[in-house]
Protein chains: 2
Amino acid sequence: MGKADIRESQDRFVAAWGQMGSAWGISRTMAEVHALLYITGQPLCTDDIMERLQISRGNASMSLRALVDWGIVEREHRRGDRKEYFRAEQDVWAMFRAIVRERMKREADPLRAALYEIRDSTIGRAGVDPGPELASHNRRLDELIRFFHTLEGVSNSFVSPAGRGLQAAAKILGYVGGALSGPKPENTEADPDTKEAI
Amino acid sequence: MGKADIRESQDRFVAAWGQMGSAWGISRTMAEVHALLYITGQPLCTDDIMERLQISRGNASMSLRALVDWGIVEREHRRGDRKEYFRAEQDVWAMFRAIVRERMKREADPLRAALYEIRDSTIGRAGVDPGPELASHNRRLDELIRFFHTLEGVSNSFVSPAGRGLQAAAKILGYVGGALSGPKPENTEADPDTKEAI
DNA sequence: GGATTGTTTCAATTTTTCCTGAAAATTGGC
DNA sequence: GCCAATTTTCAGGAAAAATTGAAACAATCC
(Lines give C-alpha, C1' and ligand atoms only; values in the text may rest on other atoms or scores of the structure.)
Protein backbone atom coordinates (compact mmCIF):
# COMPACT_ATOMS: atom_id res chain seq x y z
CA MET A 1 0.00 0.00 0.00
CA GLY A 2 2.43 2.66 -1.12
CA LYS A 3 1.87 6.04 -2.74
CA ALA A 4 1.50 4.36 -6.11
CA ASP A 5 -1.43 2.30 -4.86
CA ILE A 6 -3.20 5.35 -3.52
CA ARG A 7 -2.61 7.12 -6.76
CA GLU A 8 -4.09 4.27 -8.71
CA SER A 9 -7.07 4.16 -6.41
CA GLN A 10 -7.56 7.88 -6.91
CA ASP A 11 -7.40 7.44 -10.65
CA ARG A 12 -10.07 4.80 -10.53
CA PHE A 13 -12.28 7.04 -8.50
CA VAL A 14 -11.72 9.89 -10.92
CA ALA A 15 -12.75 7.68 -13.81
CA ALA A 16 -15.89 6.42 -12.07
CA TRP A 17 -16.94 9.91 -11.03
CA GLY A 18 -16.30 11.25 -14.50
CA GLN A 19 -18.48 8.61 -16.03
CA MET A 20 -21.31 9.36 -13.63
CA GLY A 21 -20.99 13.05 -14.43
CA SER A 22 -21.43 12.51 -18.12
CA ALA A 23 -24.63 10.53 -17.51
CA TRP A 24 -25.98 13.59 -15.73
CA GLY A 25 -25.21 16.20 -18.32
CA ILE A 26 -21.92 17.37 -16.84
CA SER A 27 -18.83 17.28 -18.98
CA ARG A 28 -16.65 14.31 -18.17
CA THR A 29 -13.59 16.46 -17.61
CA MET A 30 -15.32 18.80 -15.25
CA ALA A 31 -16.48 15.86 -13.16
CA GLU A 32 -12.99 14.40 -13.25
CA VAL A 33 -11.41 17.61 -12.07
CA HIS A 34 -13.85 17.71 -9.23
CA ALA A 35 -13.21 14.06 -8.41
CA LEU A 36 -9.48 14.66 -8.29
CA LEU A 37 -9.82 17.63 -5.98
CA TYR A 38 -12.23 15.79 -3.73
CA ILE A 39 -10.31 12.56 -3.46
CA THR A 40 -6.90 14.09 -2.93
CA GLY A 41 -8.29 16.56 -0.43
CA GLN A 42 -5.32 18.75 -1.26
CA PRO A 43 -5.46 22.17 -2.87
CA LEU A 44 -4.05 21.75 -6.37
CA CYS A 45 -2.99 24.31 -8.93
CA THR A 46 -3.87 24.33 -12.62
CA ASP A 47 -0.60 22.66 -13.60
CA ASP A 48 -1.07 19.83 -11.13
CA ILE A 49 -4.47 19.13 -12.62
CA MET A 50 -3.31 19.41 -16.21
CA GLU A 51 -0.58 16.95 -15.60
CA ARG A 52 -2.54 14.50 -13.55
CA LEU A 53 -5.53 14.35 -15.91
CA GLN A 54 -3.59 15.00 -19.10
CA ILE A 55 -5.77 17.86 -20.23
CA SER A 56 -5.03 21.22 -21.78
CA ARG A 57 -4.63 24.44 -19.89
CA GLY A 58 -7.76 25.89 -21.43
CA ASN A 59 -9.84 22.93 -20.45
CA ALA A 60 -8.53 22.95 -16.91
CA SER A 61 -9.22 26.65 -16.57
CA MET A 62 -12.76 26.33 -17.89
CA SER A 63 -13.59 23.33 -15.75
CA LEU A 64 -12.20 24.93 -12.62
CA ARG A 65 -14.09 28.09 -13.17
CA ALA A 66 -17.31 26.15 -13.68
CA LEU A 67 -16.72 24.20 -10.47
CA VAL A 68 -16.14 27.43 -8.59
CA ASP A 69 -19.37 28.83 -10.07
CA TRP A 70 -21.19 25.74 -8.87
CA GLY A 71 -19.90 26.42 -5.39
CA ILE A 72 -18.26 23.04 -4.84
CA VAL A 73 -14.68 24.16 -5.34
CA GLU A 74 -13.00 27.26 -4.03
CA ARG A 75 -9.95 29.25 -4.94
CA GLU A 76 -7.09 29.58 -2.54
CA HIS A 77 -4.12 31.90 -2.56
CA ARG A 78 -0.79 31.52 -0.84
CA ARG A 79 1.52 34.26 0.24
CA GLY A 80 4.63 34.41 -1.87
CA ASP A 81 3.13 32.23 -4.58
CA ARG A 82 1.45 33.68 -7.62
CA LYS A 83 -0.37 30.50 -8.50
CA GLU A 84 -3.98 29.91 -7.62
CA TYR A 85 -4.85 26.72 -5.83
CA PHE A 86 -8.20 25.00 -5.81
CA ARG A 87 -9.79 22.98 -3.05
CA ALA A 88 -12.98 20.91 -3.21
CA GLU A 89 -15.74 21.03 -0.62
CA GLN A 90 -15.08 18.02 1.60
CA ASP A 91 -18.48 17.67 3.23
CA VAL A 92 -20.47 15.35 0.98
CA TRP A 93 -23.84 16.65 2.08
CA ALA A 94 -22.77 20.25 1.60
CA MET A 95 -21.57 19.32 -1.85
CA PHE A 96 -24.86 17.64 -2.65
CA ARG A 97 -26.81 20.65 -1.45
CA ALA A 98 -24.74 22.97 -3.61
CA ILE A 99 -25.40 20.81 -6.64
CA VAL A 100 -29.12 20.64 -5.97
CA ARG A 101 -29.28 24.38 -5.44
CA GLU A 102 -27.47 25.09 -8.64
CA ARG A 103 -29.38 22.66 -10.82
CA MET A 104 -32.72 23.87 -9.53
CA LYS A 105 -31.71 27.41 -10.28
CA ARG A 106 -30.43 26.64 -13.74
CA GLU A 107 -32.91 24.09 -14.96
CA ALA A 108 -36.04 23.65 -12.90
CA ASP A 109 -36.71 27.35 -12.38
CA PRO A 110 -36.57 28.27 -16.06
CA LEU A 111 -38.71 25.26 -16.93
CA ARG A 112 -41.27 26.25 -14.37
CA ALA A 113 -41.30 29.78 -15.72
CA ALA A 114 -41.84 28.38 -19.20
CA LEU A 115 -44.71 26.21 -17.97
CA TYR A 116 -46.45 29.21 -16.40
CA GLU A 117 -45.92 31.16 -19.53
CA ILE A 118 -47.37 28.43 -21.70
CA ARG A 119 -50.35 27.91 -19.48
CA ASP A 120 -51.16 31.58 -19.13
CA SER A 121 -51.13 32.12 -22.85
CA THR A 122 -53.46 29.21 -23.53
CA ILE A 123 -55.87 29.20 -20.65
CA GLY A 124 -58.73 30.65 -22.65
CA ARG A 125 -60.91 33.64 -21.99
CA ALA A 126 -62.59 33.82 -18.62
CA GLY A 127 -66.22 32.80 -18.65
CA VAL A 128 -65.92 30.96 -21.92
CA ASP A 129 -66.28 27.20 -21.83
CA PRO A 130 -62.82 25.92 -22.80
CA GLY A 131 -64.08 22.67 -24.30
CA PRO A 132 -62.88 19.27 -23.18
CA GLU A 133 -59.66 19.25 -25.15
CA LEU A 134 -58.34 22.55 -23.85
CA ALA A 135 -59.57 21.73 -20.36
CA SER A 136 -57.54 18.55 -20.11
CA HIS A 137 -54.55 20.20 -21.74
CA ASN A 138 -54.68 22.84 -19.03
CA ARG A 139 -55.15 20.25 -16.33
CA ARG A 140 -52.00 18.44 -17.42
CA LEU A 141 -49.98 21.62 -17.43
CA ASP A 142 -51.34 22.48 -13.99
CA GLU A 143 -50.37 19.13 -12.57
CA LEU A 144 -46.85 19.54 -13.81
CA ILE A 145 -46.67 23.05 -12.43
CA ARG A 146 -47.91 21.84 -9.07
CA PHE A 147 -45.28 19.13 -9.09
CA PHE A 148 -42.45 21.52 -9.80
CA HIS A 149 -43.79 23.91 -7.24
CA THR A 150 -43.61 21.19 -4.62
CA LEU A 151 -40.20 20.06 -5.78
CA GLU A 152 -38.94 23.57 -5.48
CA GLY A 153 -40.30 23.86 -1.98
CA VAL A 154 -38.60 20.64 -0.92
CA SER A 155 -35.38 21.65 -2.56
CA ASN A 156 -35.41 25.15 -1.11
CA SER A 157 -35.74 23.89 2.41
CA PHE A 158 -33.20 21.16 1.82
CA VAL A 159 -30.69 23.56 0.43
CA SER A 160 -30.74 25.76 3.51
CA PRO A 161 -27.70 25.17 5.71
CA ALA A 162 -26.84 22.04 7.72
CA GLY A 163 -29.04 19.17 8.86
CA ARG A 164 -31.83 21.58 9.54
CA GLY A 165 -32.43 21.69 5.80
CA LEU A 166 -32.74 17.95 5.54
CA GLN A 167 -35.29 17.82 8.29
CA ALA A 168 -37.28 20.68 6.87
CA ALA A 169 -37.31 18.96 3.51
CA ALA A 170 -38.41 15.73 5.14
CA LYS A 171 -41.30 17.51 6.79
CA ILE A 172 -42.58 18.90 3.53
CA LEU A 173 -42.14 15.58 1.77
CA GLY A 174 -44.11 13.91 4.53
CA TYR A 175 -46.85 16.45 4.17
CA VAL A 176 -47.02 16.02 0.42
CA GLY A 177 -47.08 12.26 0.82
CA GLY A 178 -49.97 12.61 3.22
CA ALA A 179 -51.88 14.92 0.93
CA LEU A 180 -51.45 12.60 -2.02
CA SER A 181 -52.86 9.57 -0.29
CA GLY A 182 -54.20 8.86 3.15
CA PRO A 183 -54.14 10.91 6.33
CA LYS A 184 -51.65 13.63 7.14
CA PRO A 185 -48.68 12.69 9.29
CA GLU A 186 -49.06 14.07 12.81
CA ASN A 187 -46.91 16.86 14.22
CA THR A 188 -46.69 18.71 10.97
CA GLU A 189 -47.43 22.36 10.71
CA ALA A 190 -45.72 22.72 7.36
CA ASP A 191 -47.70 24.76 4.86
CA PRO A 192 -48.98 22.85 1.86
CA ASP A 193 -47.87 25.81 -0.16
CA THR A 194 -44.35 24.56 0.06
CA LYS A 195 -42.79 27.65 -1.33
CA GLU A 196 -43.52 29.61 1.79
CA ALA A 197 -43.19 26.74 4.23
CA ILE A 198 -40.21 26.61 6.61
CA MET B 1 -58.62 29.19 -28.42
CA GLY B 2 -58.98 26.72 -31.25
CA LYS B 3 -57.22 23.47 -32.00
CA ALA B 4 -54.34 25.38 -33.53
CA ASP B 5 -53.72 27.21 -30.28
CA ILE B 6 -53.64 24.01 -28.30
CA ARG B 7 -51.29 22.52 -30.82
CA GLU B 8 -48.96 25.46 -30.52
CA SER B 9 -49.09 25.28 -26.77
CA GLN B 10 -48.23 21.60 -26.95
CA ASP B 11 -45.32 22.34 -29.23
CA ARG B 12 -43.96 24.85 -26.79
CA PHE B 13 -44.21 22.38 -23.99
CA VAL B 14 -42.46 19.75 -26.07
CA ALA B 15 -39.62 22.16 -26.76
CA ALA B 16 -39.24 23.15 -23.10
CA TRP B 17 -39.29 19.56 -21.91
CA GLY B 18 -36.82 18.52 -24.56
CA GLN B 19 -34.40 21.19 -23.47
CA MET B 20 -34.65 20.14 -19.85
CA GLY B 21 -34.03 16.55 -20.86
CA SER B 22 -30.82 17.37 -22.62
CA ALA B 23 -29.51 19.14 -19.53
CA TRP B 24 -30.01 15.88 -17.64
CA GLY B 25 -28.26 13.54 -19.99
CA ILE B 26 -31.36 12.40 -21.87
CA SER B 27 -31.44 12.77 -25.60
CA ARG B 28 -33.51 15.73 -26.66
CA THR B 29 -35.69 13.67 -28.96
CA MET B 30 -36.48 11.08 -26.35
CA ALA B 31 -37.60 13.82 -23.98
CA GLU B 32 -39.65 15.39 -26.75
CA VAL B 33 -41.40 12.15 -27.58
CA HIS B 34 -42.27 11.75 -23.94
CA ALA B 35 -43.44 15.34 -23.72
CA LEU B 36 -45.70 14.87 -26.70
CA LEU B 37 -47.25 11.73 -25.30
CA TYR B 38 -47.73 13.31 -21.91
CA ILE B 39 -49.21 16.57 -23.06
CA THR B 40 -51.59 15.12 -25.63
CA GLY B 41 -52.70 12.43 -23.22
CA GLN B 42 -53.67 10.41 -26.27
CA PRO B 43 -52.16 7.14 -27.34
CA LEU B 44 -50.17 7.87 -30.50
CA CYS B 45 -48.60 5.57 -33.04
CA THR B 46 -45.11 5.79 -34.48
CA ASP B 47 -46.29 7.64 -37.57
CA ASP B 48 -48.14 10.25 -35.53
CA ILE B 49 -44.96 10.94 -33.61
CA MET B 50 -42.72 10.96 -36.66
CA GLU B 51 -44.92 13.47 -38.35
CA ARG B 52 -45.53 15.69 -35.37
CA LEU B 53 -41.88 15.90 -34.32
CA GLN B 54 -40.40 15.58 -37.78
CA ILE B 55 -38.10 12.73 -36.89
CA SER B 56 -37.15 9.53 -38.66
CA ARG B 57 -38.79 6.18 -38.11
CA GLY B 58 -35.65 4.74 -36.58
CA ASN B 59 -35.33 7.56 -34.13
CA ALA B 60 -38.98 7.33 -33.12
CA SER B 61 -38.71 3.60 -32.64
CA MET B 62 -35.57 3.84 -30.50
CA SER B 63 -36.93 6.67 -28.37
CA LEU B 64 -40.21 4.90 -27.78
CA ARG B 65 -38.54 1.70 -26.79
CA ALA B 66 -36.31 3.55 -24.37
CA LEU B 67 -39.31 5.27 -22.83
CA VAL B 68 -41.03 1.94 -22.42
CA ASP B 69 -37.88 0.54 -20.78
CA TRP B 70 -37.90 3.46 -18.40
CA GLY B 71 -41.46 2.57 -17.47
CA ILE B 72 -42.99 5.95 -18.20
CA VAL B 73 -44.67 5.01 -21.48
CA GLU B 74 -46.61 1.89 -22.30
CA ARG B 75 -47.58 0.08 -25.44
CA GLU B 76 -51.18 -0.30 -26.36
CA HIS B 77 -52.78 -2.56 -28.95
CA ARG B 78 -56.09 -2.20 -30.70
CA ARG B 79 -58.18 -4.93 -32.16
CA GLY B 80 -58.17 -4.95 -35.94
CA ASP B 81 -55.21 -2.59 -36.09
CA ARG B 82 -51.67 -3.78 -36.47
CA LYS B 83 -50.15 -0.54 -35.34
CA GLU B 84 -48.83 -0.12 -31.87
CA TYR B 85 -49.93 2.87 -29.89
CA PHE B 86 -48.06 4.46 -27.03
CA ARG B 87 -49.44 6.19 -23.99
CA ALA B 88 -47.50 8.14 -21.38
CA GLU B 89 -47.97 7.71 -17.65
CA GLN B 90 -50.28 10.56 -16.66
CA ASP B 91 -49.60 10.65 -12.93
CA VAL B 92 -46.72 13.06 -12.48
CA TRP B 93 -45.55 11.54 -9.21
CA ALA B 94 -45.65 8.03 -10.62
CA MET B 95 -43.60 9.27 -13.53
CA PHE B 96 -41.09 10.90 -11.22
CA ARG B 97 -40.80 7.72 -9.18
CA ALA B 98 -40.16 5.67 -12.29
CA ILE B 99 -37.43 8.03 -13.36
CA VAL B 100 -35.78 8.02 -9.95
CA ARG B 101 -35.96 4.23 -9.79
CA GLU B 102 -34.41 3.85 -13.18
CA ARG B 103 -31.64 6.35 -12.73
CA MET B 104 -30.66 4.93 -9.38
CA LYS B 105 -30.52 1.49 -10.90
CA ARG B 106 -28.50 2.56 -13.90
CA GLU B 107 -26.16 5.11 -12.44
CA ALA B 108 -26.00 5.27 -8.68
CA ASP B 109 -25.89 1.52 -8.12
CA PRO B 110 -22.97 0.88 -10.47
CA LEU B 111 -21.11 3.85 -9.03
CA ARG B 112 -21.63 2.57 -5.54
CA ALA B 113 -20.40 -0.84 -6.57
CA ALA B 114 -17.32 0.78 -8.07
CA LEU B 115 -16.71 2.74 -4.87
CA TYR B 116 -16.84 -0.43 -2.78
CA GLU B 117 -14.55 -2.13 -5.19
CA ILE B 118 -12.05 0.72 -5.09
CA ARG B 119 -12.11 0.94 -1.33
CA ASP B 120 -11.78 -2.76 -0.76
CA SER B 121 -8.77 -3.03 -2.99
CA THR B 122 -6.97 -0.16 -1.30
CA ILE B 123 -7.91 -0.46 2.33
CA GLY B 124 -4.55 -1.86 3.36
CA ARG B 125 -3.65 -5.01 5.24
CA ALA B 126 -5.42 -5.52 8.53
CA GLY B 127 -3.30 -4.67 11.55
CA VAL B 128 -0.88 -2.55 9.54
CA ASP B 129 -0.90 1.17 10.20
CA PRO B 130 -2.18 2.65 6.95
CA GLY B 131 -0.36 5.95 7.34
CA PRO B 132 -2.10 9.32 7.28
CA GLU B 133 -2.40 9.61 3.55
CA LEU B 134 -4.10 6.28 3.00
CA ALA B 135 -6.23 6.79 6.09
CA SER B 136 -7.73 10.02 4.84
CA HIS B 137 -8.13 8.62 1.35
CA ASN B 138 -10.15 5.78 2.82
CA ARG B 139 -12.14 8.16 4.99
CA ARG B 140 -13.17 10.17 1.95
CA LEU B 141 -14.23 7.07 0.07
CA ASP B 142 -16.18 5.90 3.09
CA GLU B 143 -18.02 9.17 3.41
CA LEU B 144 -19.06 8.98 -0.19
CA ILE B 145 -20.16 5.38 0.20
CA ARG B 146 -22.20 6.30 3.26
CA PHE B 147 -23.82 9.11 1.34
CA PHE B 148 -24.82 6.88 -1.55
CA HIS B 149 -26.02 4.25 0.83
CA THR B 150 -28.33 6.75 2.44
CA LEU B 151 -29.45 8.12 -0.89
CA GLU B 152 -30.30 4.64 -2.00
CA GLY B 153 -32.33 4.05 1.12
CA VAL B 154 -34.32 7.22 0.63
CA SER B 155 -34.84 6.48 -3.01
CA ASN B 156 -35.86 2.87 -2.41
CA SER B 157 -38.56 3.84 0.01
CA PHE B 158 -39.69 6.71 -2.15
CA VAL B 159 -39.94 4.52 -5.18
CA SER B 160 -42.32 2.11 -3.51
CA PRO B 161 -45.91 2.64 -4.65
CA ALA B 162 -48.17 5.62 -3.92
CA GLY B 163 -47.90 8.34 -1.30
CA ARG B 164 -46.70 5.81 1.23
CA GLY B 165 -43.36 5.92 -0.51
CA LEU B 166 -43.09 9.65 -0.15
CA GLN B 167 -43.81 9.47 3.53
CA ALA B 168 -41.39 6.66 4.10
CA ALA B 169 -38.72 8.62 2.28
CA ALA B 170 -39.52 11.67 4.36
CA LYS B 171 -39.09 9.64 7.52
CA ILE B 172 -35.63 8.46 6.55
CA LEU B 173 -34.60 11.90 5.42
CA GLY B 174 -35.73 13.30 8.74
CA TYR B 175 -33.73 10.70 10.55
CA VAL B 176 -30.63 11.40 8.53
CA GLY B 177 -31.05 15.10 9.11
CA GLY B 178 -31.29 14.45 12.82
CA ALA B 179 -28.23 12.25 12.86
CA LEU B 180 -26.18 14.79 10.96
CA SER B 181 -26.90 17.63 13.36
CA GLY B 182 -28.91 18.00 16.50
CA PRO B 183 -31.44 15.71 18.16
CA LYS B 184 -33.43 13.02 16.38
CA PRO B 185 -36.97 13.88 15.35
CA GLU B 186 -39.52 12.18 17.59
CA ASN B 187 -41.78 9.39 16.40
CA THR B 188 -39.23 7.87 14.13
CA GLU B 189 -38.47 4.22 14.27
CA ALA B 190 -36.78 4.19 10.87
CA ASP B 191 -33.56 2.23 10.85
CA PRO B 192 -30.46 4.35 10.29
CA ASP B 193 -29.30 1.59 8.05
CA THR B 194 -31.58 2.96 5.41
CA LYS B 195 -31.18 0.07 3.07
CA GLU B 196 -33.21 -2.16 5.30
CA ALA B 197 -35.52 0.53 6.63
CA ILE B 198 -39.17 0.51 5.53
C1' DG C 1 7.23 50.22 -15.72
C1' DG C 2 8.93 46.32 -17.76
C1' DA C 3 9.76 41.51 -17.33
C1' DT C 4 7.84 37.37 -15.76
C1' DT C 5 4.57 34.29 -14.27
C1' DG C 6 0.08 32.87 -14.41
C1' DT C 7 -4.93 32.95 -16.18
C1' DT C 8 -8.64 33.43 -19.49
C1' DT C 9 -10.67 33.45 -23.88
C1' DC C 10 -12.06 31.64 -28.19
C1' DA C 11 -11.58 29.99 -33.12
C1' DA C 12 -10.30 25.72 -35.01
C1' DT C 13 -10.29 20.91 -34.43
C1' DT C 14 -11.36 16.58 -32.49
C1' DT C 15 -14.43 13.58 -30.23
C1' DT C 16 -18.77 12.11 -29.00
C1' DT C 17 -23.40 11.69 -29.50
C1' DC C 18 -27.42 11.63 -32.12
C1' DC C 19 -30.17 10.78 -36.20
C1' DT C 20 -31.31 8.92 -40.64
C1' DG C 21 -32.79 5.64 -43.96
C1' DA C 22 -32.79 1.43 -45.90
C1' DA C 23 -32.44 -3.48 -45.09
C1' DA C 24 -33.67 -7.23 -42.02
C1' DA C 25 -36.78 -9.09 -38.83
C1' DT C 26 -41.14 -9.60 -36.86
C1' DT C 27 -46.01 -9.52 -36.35
C1' DG C 28 -50.93 -9.94 -37.21
C1' DG C 29 -54.51 -10.88 -40.35
C1' DC C 30 -56.41 -13.91 -43.48
C1' DG D 1 -48.33 -20.73 -43.96
C1' DC D 2 -48.10 -16.70 -46.64
C1' DC D 3 -48.20 -11.89 -47.41
C1' DA D 4 -48.24 -7.25 -46.35
C1' DA D 5 -47.97 -3.99 -42.67
C1' DT D 6 -45.22 -2.62 -39.07
C1' DT D 7 -41.21 -2.52 -36.18
C1' DT D 8 -36.35 -2.95 -35.21
C1' DT D 9 -31.60 -2.67 -36.15
C1' DC D 10 -27.41 -0.53 -37.43
C1' DA D 11 -23.76 1.43 -40.56
C1' DG D 12 -22.82 5.77 -42.15
C1' DG D 13 -23.50 10.66 -42.04
C1' DA D 14 -24.85 14.97 -39.57
C1' DA D 15 -24.98 17.68 -35.62
C1' DA D 16 -23.53 18.92 -31.17
C1' DA D 17 -20.32 19.09 -27.55
C1' DA D 18 -15.87 19.06 -25.68
C1' DT D 19 -11.04 20.06 -26.13
C1' DT D 20 -6.92 22.16 -27.61
C1' DG D 21 -3.51 25.67 -28.13
C1' DA D 22 -2.06 29.96 -28.88
C1' DA D 23 -2.90 34.81 -28.31
C1' DA D 24 -4.69 38.30 -25.27
C1' DC D 25 -5.04 39.63 -20.78
C1' DA D 26 -3.96 40.22 -15.72
C1' DA D 27 -1.23 40.19 -11.68
C1' DT D 28 3.00 40.28 -9.21
C1' DC D 29 7.68 41.21 -8.43
C1' DC D 30 11.81 43.99 -8.53
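In what follows, chains carry the letters A, B, and so on, assigned in the order in which the sequence lines appear, proteins first and then strands, with residues in each chain numbered from 1.
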- [ ] Return the value, rounded to whole Å, for the distance between atom NZ of Lys83(B) and atom C1' of dG29(C).
- [x] 14 Å

TODO: For Met30(A) and for Gly80(A), locate the closest nucleotide of DNA chain D by heavy-atom distance; then report the residue assigned to the nucleotide nearer the 5' terminus.
DONE: Met30(A)

- [ ] Look at Thr29(B) and dC18(C) and indicate whether a side-chain polar atom (N or O) is within less than 4.0 Å of OP1 or OP2.
- [x] no

Open item on the list: Can you work out whether Glu84(A) or Ser22(A) has the more 5'-proximal nearest nucleotide on DNA chain C?
Closed with: Glu84(A)

- [ ] Tell me whether Met62(A) is reachable from Val33(A) by hopping between hydrophobic residues (I, L, V, M, F, W, Y) whose side-chain heavy atoms are closer than 4.5 Å.
- [x] no

TODO: Any chance you could measure Asn59(B), atom CG, to Leu53(B), atom CG, to the nearest 0.5 Å?
DONE: 9.0 Å

- [ ] Mind listing the residues from residues 48-63 of chain A sitting with a heavy atom below 4.0 Å of DNA chain C? Number order is fine.
- [x] Arg57(A), Gly58(A), Ser61(A), Met62(A)

- [ ] With Arg103(A) as the cation and Trp24(B) as the aromatic partner, state whether NZ or CZ is under 6.0 Å from the six-membered ring centre and within 45° of the axis.
- [x] yes

TODO: Determine whether any donor atom in the side chain of Arg82(B) lies under 3.5 Å from an acceptor atom in the base of dT6(D), or the reverse, and answer yes or no.
DONE: no

Task: Whole angstrom value for the distance that separates C1' of dT16(C) from CD1 of Ile26(A) - done: 17 Å

Open item on the list: Checking side-chain polar atoms at under 3.5 Å, does Ser121(A) have a donor or acceptor matched by the opposite partner on Arg12(B)?
Closed with: yes

Task: Side-chain N or O of Ser27(A) closer than 4.0 Å to phosphate OP1/OP2 of dT19(D) - done: yes

TODO: Between dT8(C), dT7(D), dC18(C), spot the one nearest the side chain of Arg75(A), thanks.
DONE: dT8(C)

Task: Atom-pair distance (CD on Glu32(A); P on dA18(D)), nearest Å - done: 13 Å

TODO: Could you check how far CG of Leu67(A) sits from P of dT8(C), rounded to whole Å?
DONE: 13 Å

Task: Residue met sooner reading DNA chain D from 5', once His77(A) and Tyr85(B) are mapped to nucleotides - done: Tyr85(B)

Open item on the list: Going by side chain to side chain donor-acceptor pair (under 3.5 Å), name the residues that satisfy it together with Glu133(A), two or more places apart in sequence or in a different chain.
Closed with: Lys3(B)

Task: No-hydrogen, no-angle side-chain donor-acceptor test under 3.5 Å, Arg87(A) and Gln42(A) - done: no

TODO: Write down the distance between CZ (Arg28(B)) and P (dA17(D)), rounded to a whole number of angstrom.
DONE: 9 Å

Task: Arg65(A) side-chain proximity, nearest of dT9(C), dT7(D), dT7(C) - done: dT9(C)

Task: Sub-6.0 Å ring centroid separation between Phe158(B) and Phe96(B) - done: yes

- [ ] May I have the distance from Trp24(B) (atom CH2) to dA17(D) (atom P), rounded to whole angstrom?
- [x] 17 Å

- [ ] Write down the distance between CG (Asp81(B)) and P (dC30(C)), rounded to a whole number of angstrom.
- [x] 11 Å

